[in-house]
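See below for the structure under consideration.
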Amino acid sequence: MDIVVCVKQTFDTEAKISLAEGDLRSDGSEPIMNPYDEYAVEAAIRLKEASGGQITVVTVGPEKAQDVLRTALAMGADEAVWVDEETSFGSERLVSEALAAVIRRRGSFDLVLAGNQAVDDGSGQVAVRTAELLGIAHIGAATGLSVTGTRLTAQRDADGDVEVLEGELPLLVTAQQGLNEPRYPSLIGIRKAAKKPIERVTLEDLGVASAGAQLEIADVALAPGKAAGVILQGDTPQRVQELVAALRDTHKLL
Amino acid sequence: MARSILVVADMRGDEVRQVTFETVGAARQAASGGKVSVLLAGYGVAAQAERLAASGADEVLTVDHPELAGRRSELLAACVESAVRDTGAQIAMLAHSAVGRDVAPMIAARFAAPQVSDIVALALEQDRLVCRRPVYAGKAFVRVVLEGDFFVVTVRPNNLPKPDAGPFAPAAVRALAVQLPGARLELREVLQKTSSGVDLTEADVVVAGGRGVKSADGFKPLYELAEALGGAVGASRGACDAGYCDYALQIGQTGKVVTPDLYIACGISGAIQHLAGMSNAKVIVAINKDPEAPIFNVADYGIVGDLFEVVPALTAHVKALRQGSAGEIR
């Protein structure tokens, strides 16, 4: 099976975010592979372990973004393609066009996997747009996945319900938490990955025009800090009474 | 500048969700006198079409077909695409729900249009439409300008202002003819996990439990409090992982995002992933044994103590209050 996995480098979810000259920065910590994309890479490796095949990982980002390709290679992916393009909030259309172009260029593929959203912009568009551009159906937020021959079955999270969907390959599936437990790259894997080539391509190589594909961002702001709350004191009946009074009188909630 | 806006009704079972009415309300403002159309695609939708016709929209388009029962994103996308062409809408607005997350990017891609996902506010600023949306798991917000021929927007429930109750002149209801495509995906089974009670993402009050609840039985007092408050019960990932409750209740970056008026966190430590799902609640109450728990950093009111003592006391108090002043209950 020929599998393509789309991955993105994001800030570490534990990192502290600050604002400098109108731009968001995450302080101190190293960027990571988007956690939902890790589930996608792991799913690809398990499918390959079960029935053979070839795994290509693709990312769009700056030079540093190659780190996530190395991680995926170390986990067990075979090939990597880096689209050398800085992205920002609102470049979903551009990124999906680049990914679709990379995938189309391969000629044939059976399955495209990606995270169901990236933890940085949380917009959840790129994978679905890519499926549309490729003319294939997608299954979003999969928590279970199996392939028998050319038939794919997935469980997916639909607002808390679980839906079981089935379709013929090629398909695109996005990964939700619960799909699997991603492995850590082994030392041998890391050593092997260091020697594997990463193919660099540009939007120009792919014939993707960057103009007009960007949202207009008016401004960026940190979430308003909350005033320190009140820790209620006294015994339980006193504290409960005080809480109820505040909810009723100050907030008009009860 | 008048704008034509299409709102796609979001369903929970056979009912149109509240987020759709919130979206119609916001669309009326944003349209600046332009036409607001609502698309209702489903099976047996006549009664719901009537509700929408009284919501302040100018017209309701219906697609009624047995194949549209249940969440069928591929088929719904075909209906939305037809409705966009039919109405000439400049903005298509969907809910940021399982269906909206599937369908909105399909429409955006088909029209090579930008999409703004998961908006929490929509405002007219000198005739420019500006959306606000969270990024970095709610640690920051960006404001996006909607300027162009066609946009797709998804809306987070419980964030846009409560819609004007009307009464409004009834909207025209008309059937939209749509050629449904052959579905490439087959829906084999739906395992219903969500309870029939209050919709978690639309609840005004959420009582949520974490690892501190200690067992499935431990959730009982939380359900009692939620019932007294007319709210819904949620949970942290920790409580779901420990098997105390179903993942359908999970609140956080991976689970549901909730924005209730009142959020009561019981035995939840407050990991960043959990905060991403609830930190915009209007009033947050935290009950936890550990005074160092990070949940207290975002709480308006904190009680350091045993939730099994505090929660039942709170329930009793709320019940007494409601019985004592029945006339004042909202």
Side-chain angles (χ1 to χ4, degrees), chain A residues 11 13-14 17 19 24 89-90 92-93 96 119-125 128-129 132-133 137-141 153 157-168 176-178 215-223 226 229-232 236-237 239-241 243-244 246-248 251 253-254, chain B residues 71 74 97-98 101-102 105-106 108-110 112 114-118 130 134-145 147 184-194 247-248 253-254 256 261-262 272-273 279 283 285 296 298-305 309-310 313-314 317-318 321:
Chain A
F11 78 115
T13 41
E14 305 290 338
I17 302 297
L19 196 63
L24 290 171
F89 295 126
E92 292 91 354
R93 181 179 149 199
S96 58
V119 294
D120 50 7
D121 62 28
S123 85
Q125 296 178 34
V128 182
R129 282 174 172 270
E132 275 296 309
L133 294 171
H138 85 275
I139 298 173
T153 306
D157 167 24
D159 289 339
D161 291 340
V162 177
E163 293 179 349
V164 183
L165 289 159
E166 238 182 73
E168 283 292 313
Q176 171 67 304
Q177 177 207 312
L215 279 174
E216 184 184 343
I217 306 294
D219 54 43
V220 182
L222 292 178
K226 276 191 98 151
V230 186
I231 299 291
L232 301 172
T236 295
R239 294 187 291 178
V240 165
Q241 188 156 19
L243 174 62
V244 168
L247 294 178
R248 183 188 56 193
H251 303 287
L253 284 176
L254 297 176
Chain B
R71 286 171 284 238
E74 286 180 273
S97 61
R101 288 155 83 130
D102 260 4
M106 295 171 81
R110 285 179 197 183
Q115 177 182 326
V116 190
S117 305
D118 203 16
V130 183
V135 293
Y136 285 76
K139 291 177 183 175
F141 288 86
V142 294
R143 293 193 320 136
V144 185
V145 183
E147 237 166 26
R184 295 168 292 186
L185 296 173
E186 202 181 326
L187 181 59
R188 297 298 297 243
E189 202 180 344
V190 182
L191 309 166
Q192 297 283 351
K193 302 270 186 164
T194 42
Y247 281 101
Q253 189 166 53
T254 302
K256 290 177 173 163
D261 294 333
L262 175 59
I272 184 69
Q273 289 82 359
S279 59
V283 178
V285 174
F296 287 118
V298 299
D300 299 277
Y301 300 95
I303 294 182
V304 179
E309 190 186 316
V310 175
L314 189 52
H317 228 90
V318 170
L321 183 72

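Quick caveat, the model's predicted, so the values are computed rather than measured. The chains referred to below are lettered A, B, ... by the order of the sequence lines, with proteins before strands, and numbering in each begins at 1.
Residue contact with chain A, scored on non-hydrogen atoms closer than 4.5 Å, involves the side chain of B/Glu147 exclusively. If you measure heavy-atom distances from A/Gln176 to chain B, the contacts under 4.5 Å come from the side chain alone. B/Gln115 touches chain A through backbone and side chain together, each having a heavy atom under 4.5 Å away. If you measure heavy-atom distances from A/Ala141 to chain B, you find no contacts under 4.5 Å at all. Using a 4.5 Å cut-off between heavy atoms, B/Val285 touches chain A through its side chain atoms alone. Interface remark: B/Leu187 contributes backbone and side-chain atoms alike to the contact with chain A (heavy atom separation under 4.5 Å). Contact annotation for A/Val244: only side-chain heavy atoms (C-beta onward) come within less than 4.5 Å of a heavy atom of chain B. Both the backbone and the side chain of B/Ala108 come within contact range of chain A, each with at least one heavy atom under 4.5 Å from a heavy atom of that chain. Looking at B/Phe141, both its backbone and its side chain come within 4.5 Å of chain A, counting heavy atoms on both sides.
Annotation: maximal heavy-atom pairing with chain A below 4.5 Å, among B/Ala137, B/Ala140, B/Ala299, B/Ser279, occurs at B/Ala140. Considering only heavy-atom pairs separated by less than 4.5 Å from chain B, the leading option among A/Leu247, A/Ile231, A/Leu222 is A/Ile231. Of the listed residues (B/Leu262, B/Val283, B/Asp118, B/Val116), the greatest number of heavy-atom pairs within a distance under 4.5 Å of chain A belongs to B/Val283. Counting heavy-atom pairs under 4.5 Å between each of A/Val240, A/Val128, A/Val162 and chain B puts A/Val162 at the top. Among the candidates B/Ala313, B/Ala109, B/Pro134, B/Gly302, the residue making the largest number of heavy-atom pairs closer than 4.5 Å to chain A is B/Gly302.
Rounded to the nearest 0.5 Å, atoms CD (B/Gln253) and CD (B/Gln273) are 6.0 Å apart. In this structure, the separation between OG1 on A/Thr153 and CG on A/Leu165 is 9.5 Å, given to the nearest 0.5 Å. Within the model, atoms CG of A/Asp161 and CD of B/Glu189 stand 12.0 Å from one another, a figure rounded to the nearest 0.5 Å. Here B/Leu185 contributes atom CG and A/Glu168 contributes atom CD; the two are 11.0 Å apart, rounded to the nearest 0.5 Å. Within the model, atoms CG of A/Leu254 and CG of A/Leu243 stand 8.0 Å from one another, a figure rounded to the nearest 0.5 Å. Here CD1 of B/Ile303 is found 7.0 Å from CG of B/Leu314. Values are rounded to the nearest 0.5 Å.
Ring geometry for B/Tyr301 versus A/His251: interplanar angle over 60°, hence perpendicular rather than tilted (30 to 60°).
The main-chain N or O of B/Val304 is found under 3.5 Å from a side-chain atom of A/Arg239 such that the two form a donor-acceptor pair.
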Could you go through the salt bridge (charged side-chain N to carboxylate O under 4.0 Å, His left out) check for A/Glu163 and B/Arg71 one step at a time? CA-CA 9 Å; A/Glu163 293 179 349; B/Arg71 286 171 284 238; 2.7 Å; yes

